[in-house]
Structures are given as C-alpha cells and as structure tokens.
Amino acid sequence: IEVIPDPQVQAALRHVTPIAVDVTKTGAPQQALLKQLGVIGPPTLIFLSPDHSEAQGTRLIGGVTAPKLTTSLSEIAQ
C-alpha cells in the first residue's frame with residue numbers, strides 16, 4: 001500500500017499487528033478464506049478489535065488513502 005510511509009499512518013500503525021494474507025493464488029484454501037471473511041477479492045483490509053472480532057465500519061476495499069486508513073485504525077484503537 002503506497003500510503004504506509006505517511007507519518008500519520010505510521011503513527012496509527014504503532015498500535016496494531018499487521019497480518020497479510022496472499023490470495024493471489026486461487027486454490028481451494030484461498031477461496032474458503034475469502035468466503036469465510038466475506039471478501040469479494042483483493043485488495044481488502046479487515047481490521048480486528050482487541051477481542052479479535054471485525055471492527056464494524058472499518059473494512060476498506062479497493063484503493064486506500066492515508067485519511068481512510070488512519071480513520072479505520074483509530075476506530076480499532078478505541
């Protein structure tokens with residue numbers, strides 16, 4: 001993601017543990033994961049709250065801007 005170097009994004013990322021899943025190979029395991037998470041396709045960012053549930057209203061699909069990303073990250077920090 002090209003917005004990662006942004007200083008505000010970097011500050012917001014200090015409080016999260018990123019997990020990346022490569023679903024570019026479309027085998028059965030990848031398709032099962034996409035279905036389980038309700039993801040139509042990449043790129044999709046899903047943000048989990050400290051209790052490991054998806055933080056409502058924070059999912060980002062497609063192109064991401066620094067303000068959108070920092071907003072989602074701030075929602076899970078609360």
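Atom-to-atom distance recorded for Thr44:OG1 and Leu60:CG is 9.0 Å, nearest 0.5 angstrom. Taking CG from Leu45 and OG1 from Thr58, the interatomic distance works out to 9.5 Å, rounded to the nearest 0.5 Å. Considering NE2 of His15 and OG of Ser74, their distance stands at 11.0 Å, rounded to 0.5 Å. Within the model, atoms CD1 of Ile46 and CD1 of Ile76 stand 12.0 Å from one another, a figure rounded to the nearest 0.5 Å. Of the inter-residue distances, the one linking Lys35 atom NZ with Leu33 atom CG reads 12.5 Å to the nearest 0.5 angstrom. Once rounded to the nearest 0.5 Å, the distance linking OG1 of Thr17 with CG of Leu48 reads 10.5 Å.
Residues meeting the side chain to side chain donor-acceptor pair (under 3.5 Å) test with Asp51, sequence neighbours left out: Ser49, Ser53. Contacts of Gln31 classified as side chain to side chain donor-acceptor pair (under 3.5 Å), with partners at least two apart in sequence or in another chain: none.
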Which is it for Gln10 and Ile4 under the side-chain contact (heavy atoms from CB on, under 4.5 Å) test, yes or no, and what are the steps along the way? CA-CA 6 Å; Gln10 284 294 307; Ile4 298 297; 3.3 Å; yes
May I have the step-by-step check of side-chain contact (heavy atoms from CB on, under 4.5 Å) for Ile61 and Arg59, ending in yes or no? CA-CA 7 Å; Ile61 301 168; Arg59 185 179 288 215; 4.3 Å; yes
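Cluster annotation: Val64 is not connected to Val39 through the hydrophobic network of ILVMFWY side chains, with a link wherever side-chain heavy atoms come within less than 4.5 Å.
With hydrogens and angles ignored, the 3.5 Å screen pairs no side-chain donor or acceptor of Ser72 with any backbone N or O of Leu69. Gln30 places no side-chain N or O within donor-acceptor distance of the main-chain N or O of Asp22, the cut-off being under 3.5 Å.
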